[in-house]
Amino acid sequence: MRLRNGTLAGWCMALAIAYANSGCAPPPAPAPDSLQWVADAESDATIGSETRLATGPAGKILHYGDFASASDVPEFVQLSEALATGSRVVLAQRVWRRNAQGRSAAPELYSGVVVVDRSGAQPRARLADIGEIGHSGPLSLQIVAFPLSDSASTEFRGDVIVPQGGVLDFGIAIRQETWGQGGGPVEFEVSLQDGGDREQTLFSAAIDPDAAAPPGWLDQRIDLADFAGRRIRLRFATRRTAGETGFSLPIWSDPVVYPRQRLDTRPNIVLVSLDTLRARSLGAYGYARDTSPFLDSLAERGALFENAITASVTTSPAHMSLFTGLYPVRHGIREGLQRKAPHAITLAQHFRGAGYRTAAFTENGYLVRRRGFGDGFAQYTENVGETLKAPGEARRTFGQARRWLQANAETPFFLFLHTYEVHSPYDPETRYASLFRSDGEPGAGNLAVRGARDRYDREIRIVDEELERLFAAIAEAGLAKSTIVVVTSDHGEEFGEHGGYQHGGAVYEESVRVPLVFVGPGRIPGPRRHSTPVSLVDIAPTLLELAGVPVPDRLDGTSLASTLERGDTPAAHTIVSEARATKRWLDPLRHVSWNPPLFAVRWGDSKFIVHRPASGAAEPMLHFDLADDPTEQHPLTIEPDAERAVDAAVDRYLGRSTGQPGPGTDVSPKLKERLRALGYAE
């Protein structure tokens with residue numbers, strides 16, 4: 001069944017960008033020598049793996065859930081009044097088949113225009129018949145609705161002051177939900193009004209969503225230098241050429257005006273997270289193997305923190321702490337697929353509000369945009385591996401990031417890169433097969449664990465080479481002296497040092513101690529090494545202060561800017577790490593269940609491990625002096641007063657909780673399979 005649709009009118013206009021999804025008031029309008037957003041993005045739109053903030057028709061998820069069979073899917077879906085403002089809506093239904101093993105096939109899309117049914121108490125729309133998929137078993141269904149008007153055209157306008165050498169950037173696209181639906185081409189046009197009533201056309205192009213290979217995002221760049229110093233009005237319009245018979249959902253990505261010559265002297269910020277990379281497996285941290293020659297050289301150019309400690313030994317909580325400067329008990333993501341708490345504002349939101357361009361390139365697994373990780377990013381790309389057994393996509397992800405930063409060199413930017421290349425399953429390229437095979441490094445654990453560690457070390461060499469290419473691209477773009485790069489990780493990995501394997505169920509140093517290197521020629525003197533323990537929650541306030549962006553009050557982290565710029569000793573403070581996985585791996589094939597959570601409390605070189613199970617008996621508290629016993633092999637006797645003080649510290653930490661954990665995210669069958677491949681889901 002083919003359904004038809006139309007377009008959306010009445011897009012809202014704004015002259016300053018608000019914090020995306022934050023609920024905060026918008027910052028003051030930027031100066032003419034910095035970025036000026038022409039319109040406030042209403043929503044986001046995904047084409048392929050790339051999501052962008054977009055002005056255009058915004059969809060609303062009406063349902064996500066499982067059904068025993070297609071016959072159990074209801075005939076109608078209820079609509080809100082906001083969706084039923086016109087006589088029609090576009091419904092996009094994505095269907096995942098489920099087999100006896102719970103695996104899910106790729107989704108099938110049923111999309112089209114539906115007449116709003118107002119015969120009942122609440123507006124509703126009839127769902128497409130999905131029985132034709134020929135699958136009688138269980139399925140998962142997602143329903144997204146887009147409101148429509150009967151008009152064949154749309155437009156929005158925005159005023160800007162053109163800087164010297166001004167340039168207008170934007171992207172155009174048609175939402176995937178209407179590709180191949182017979183809607184016909186859509187004409188996009190940008191025109192300019194410079195006082196008076198006369199307009200001149202700056203740009204026009206057509207996109208055909210029914211083409212054999214519909215285009216993704218088409219980026220445009222228009223010279224406005226002839227209008228320097230003047231206030232102009234820009235008009236963005238679309239027109240459906242197929243008249244009443246066609247339908248489509250045209251969108252614009254983030255129109256912005258800025259000076260071609262960079263006048264803003266604030267630094268670019270590049271934050272690189274190499275998932276699962278433990279500090280002790282790098283040469284700069286004393287490892288015998290030559291796993292990281294380039295990263296080691298970075299430590300000789302900038303500042304290395306010898307004792308950087310994660311806030312959690314699993315991916316989601318640790319990364320949100322990296323993004324917000326808050327511990328997991330405050331930002332709301334402690335386990336599973338929880339969402340970020342609304343009050344937790346991310347680095348991308350702060351930087352975007354301060355006039356920075358923002359983009360992220362990540363892979364697979366847990367950093368799902370709609371859980372809060374994409375908040376504030378104008379562009380968020382989630383690369384899914386071609387096979388579930390090889391989640392690492394470092395070559396692809398770093399390549400995308402290199403191209404993006406070279407295309408955005410004229411304005412200050414915040415760029416985030418994240419790769420699972422080092423994460424299990426360790427599957428390095430064939431050409432690395434002989435690396436470290438006969439170096440005599442014995443390692444801990446059984447032969448399977450030692451073999452896994454060898455493959456892990458080879459993966460480190462892959463990401464090290466990608467780091468080198470990233471820095472070469474920064475230099476080639478002329479950005480070396482205007483860019484601060486931070487390289488870190490979310491957590492480490494166990495290889496039998498304490499009888500465990502992988503991560504998630506322990507807080508020994510191999511899991512909680514991560515690399516942390518800052519490099520910024522002319523801004524961060526080097527080489528410097530700092531031994532005072534610091535936390536991942538310290539990174540967010542540090543980057544904001546280095547960029548001259550106001551640092552919010554009441555963060556858990558402490559800025560390290562004075563340490564980086566002047567060599568001051570970091571302020572000593574209590575550092576806490578969490579472990580909340582419900583199983584502990586013993587080797588690649590065996591695991592045992594246990595009752596979390598577990599906490600590591602660190603004061604200087606003194607470290608305590610505290611078990612606070614929800615039920616059952618607690619494991620004994622452990623105490624280590626890391627100055628004398630860095631591998632944590634010899635627990636010390638704990639005096640009663642010290643035990644009470646540690647318990648009080650954990651109580652204070654938990655007292656910061658926002659209350660109930662954030663609500664769970666609806667998880668697509670495809671995402672569940674990706675998480676199984678990473679070892680996170682049963």
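FYI, the numbering just counts along the sequence from 1. The model shown is predicted, which means the values in this text are computed figures rather than measured ones.
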Next item on the list: Would you tell me whether Ser321 and His331 have side-chain atoms, one donor and one acceptor, within less than 3.5 Å of each other?
Entry: yes
Item checked: Residues Lys607, Asp629: salt bridge by 4.0 Å N-O rule -> no
Next item on the list: Drop me the distance from Ser424's OG to Gln502's CD, to the nearest 0.5 angstrom.
Entry: 3.5 Å
Notebook entry, point to check: Is it true that Glu509 and Arg280 have a side-chain N and a carboxylate O under 4.0 angstrom from each other?
Noted result: no
Check: Under 3.5 Å, is there a donor-acceptor pair between the side chain of Glu468 and the main chain of Glu466?
Finding: no
Check: Is the backbone of Thr46 close enough, under 3.5 Å, to the side chain of Glu50 for a donor and an acceptor to pair up by distance?
Finding: no
Notebook entry, point to check: Are the side chain of Asp275 and the backbone N or O of Asp490 linked by a donor-acceptor pair below 3.5 Å?
Noted result: no
Next item on the list: Could you tell me whether the side chain of Arg528 and the main chain of Phe305 form a donor-acceptor pair under 3.5 Å?
Entry: no
Margin query: Looking only at side-chain N and O atoms, does Glu306 offer a donor or acceptor that is under 3.5 Å from a partner on Ser531?
Written below: no
Notebook entry, point to check: Can Leu417 and Phe398 be said to form a side chain to side chain contact (heavy atoms under 4.5 Å, CB included), step by step?
Noted result: CA-CA 7 Å; Leu417 286 83; Phe398 275 74; 3.6 Å; yes
Notebook entry, point to check: Does Arg278 make a cation-pi contact with Tyr285 (under 6.0 Å, within 45 degrees of the axis)?
Noted result: no
Check: Could Arg370 and Asp44 be called an ion pair, given the rule that one side-chain N must be under 4.0 Å from one carboxylate O?
Finding: no
Checklist line | Glu363 side chain to Thr419 side chain, donor-acceptor N/O pair below 3.5 angstrom | finding: yes
Next item on the list: Specify whether Tyr501 and Phe495 have parallel, tilted or perpendicular ring planes, treating 30° as the upper limit for parallel and 60° as the lower limit for perpendicular.
Entry: perpendicular
Check: Would you say Leu367 and His418 make side-chain contact, with heavy atoms under 4.5 Å?
Finding: yes
Margin query: Is a donor from one side chain sitting under 3.5 angstrom from an acceptor on the other, for Thr397 and Asn383?
Written below: yes
Margin query: Rounded at 0.5 Å granularity, tell me how far CD1 in Ile575 sits from OH in Tyr653.
Written below: 12.5 Å
Item checked: Identified side-chain contact (heavy atoms from CB on, under 4.5 Å) partner of Arg357 from the options Leu405, Asn268, Asn408 -> Asn408
Margin query: Any side-chain to backbone donor/acceptor pair from Trp585 onto Gly505? Under 3.5 Å, distance only.
Written below: no
Notebook entry, point to check: Looking just at side-chain N and O atoms, do Tyr432 and Glu459 make a donor-acceptor pair shorter than 3.5 Å?
Noted result: no
Margin query: If we ignore hydrogens and angles and just use 3.5 Å, is the side chain of Gln406 paired with the main-chain N or O of Ala477 as donor and acceptor?
Written below: no
Notebook entry, point to check: Could you walk me through whether Arg453 and Asp457 pass the side chain to side chain contact (heavy atoms under 4.5 Å, CB included) check?
Noted result: CA-CA 6 Å; Arg453 192 210 57 178; Asp457 287 351; 4.1 Å; yes
Check: Once the angle between the rings of Phe416 and Phe323 is folded into 0 to 90°, is it parallel (under 30°), tilted (30 to 60°) or perpendicular (over 60°)?
Finding: perpendicular
Margin query: Using side-chain heavy atoms (C-beta onward) and a distance below 4.5 Å, is Arg602 in contact with Leu626?
Written below: yes
Margin query: Closer than 3.5 angstrom, by distance alone: can the side chain of Thr276 be matched with the main-chain N or O of Glu493 as a donor-acceptor pair?
Written below: no
Notebook entry, point to check: Are Arg395 and Glu465 close enough for a salt bridge, meaning some N to O gap below 4.0 Å?
Noted result: yes
Check: Given side chains that start at C-beta, do those of His491 and Ser511 come closer than 4.5 Å, heavy atoms only?
Finding: no
Next item on the list: Check the pair Phe471 / Phe294 against ring-ring contact (aromatic ring centres under 6.0 Å, His included), numbers first and verdict last.
Entry: CA-CA 10 Å; Phe471 272 78; Phe294 183 73; 5.5 Å; yes
Check: How about Tyr356 and Phe413: are their ring centres within less than 6.0 Å of each other?
Finding: no
Next item on the list: Would you check if the distance from the ring center of Tyr380 to the ring center of Phe361 is below 6.0 Å?
Entry: no
Notebook entry, point to check: Ignoring hydrogens and geometry, is there a side-chain-to-backbone donor-acceptor pair from His319 to Thr314 under 3.5 Å?
Noted result: no
Next item on the list: Please assess Leu435 against Asp454 for the test side chain to side chain contact (heavy atoms under 4.5 Å, CB included), listing each intermediate value before the final yes or no.
Entry: CA-CA 8 Å; Leu435 191 63; Asp454 292 345; over 6 Å; no
Note to self: Is the shortest side-chain heavy-atom distance between Ile524 and Ile484 below 4.5 Å?
What the structure shows: yes
Checklist line | Distance-only donor-acceptor check, side chains Arg371 and Ser316, under 3.5 Å | finding: yes
Margin query: Working note: Leu347 + Phe351, criterion side chain to side chain contact (heavy atoms under 4.5 Å, CB included); need CA distance, chi angles, decisive distance, verdict.
Written below: CA-CA 6 Å; Leu347 275 171; Phe351 278 116; 3.8 Å; yes
Check: Would Glu300 and Ser297 count as having a side-chain donor-acceptor pair, cut-off 3.5 Å?
Finding: no
Notebook entry, point to check: Would you say Thr310's side chain and Val313's backbone share a donor-acceptor pair under 3.5 angstrom?
Noted result: no
Notebook entry, point to check: Is it true that Glu619 and Arg584 have a side-chain N and a carboxylate O under 4.0 angstrom from each other?
Noted result: yes
Margin query: Just so I know, are the side chains of Thr558 and Pro570 near enough to count as touching, which here means a heavy-atom distance under 4.5 Å?
Written below: no
Note to self: Using the salt bridge (Lys or Arg N to Asp or Glu O under 4.0 Å) criterion, which residues pair with Arg523? Sequence neighbours excluded.
What the structure shows: none
Note to self: Is it the case that the side chains of Thr542 and Asp538 hold a donor-acceptor pair, with the cut-off being a distance below 3.5 Å and no angle test?
What the structure shows: no
Notebook entry, point to check: Hey, what do you get for NE2 (His573) to CH2 (Trp603), rounding to the nearest 0.5 Å?
Noted result: 13.0 Å
Next item on the list: Verify the distance criterion only: is there a donor paired with an acceptor across the side chains of Trp217 and Ser253 at less than 3.5 Å?
Entry: no
Check: If we ignore angles and hydrogens, is there a donor and acceptor under 3.5 Å between the side chains of Asp254 and Gln379?
Finding: no
Margin query: Between Thr346 and Asp375 (side chain of the first, backbone of the second, donor and acceptor by atom type, cut-off under 3.5 Å), is there such a pair?
Written below: yes
Check: Do the non-hydrogen side-chain atoms of Arg455 and Phe436 ever get within less than 4.5 Å of each other?
Finding: no
Checklist line | pair Leu560-Val534: side-chain heavy atoms closer than 4.5 Å | finding: yes
Next item on the list: Taking only Lys NZ, Arg NE, NH1 and NH2, and the carboxylate oxygens of Asp or Glu, determine whether Arg330 and Asp556 approach each other closer than 4.0 Å.
Entry: yes
Note to self: For a 4.5 angstrom cut-off between non-hydrogen side-chain atoms, does Val270 reach Val272?
What the structure shows: yes
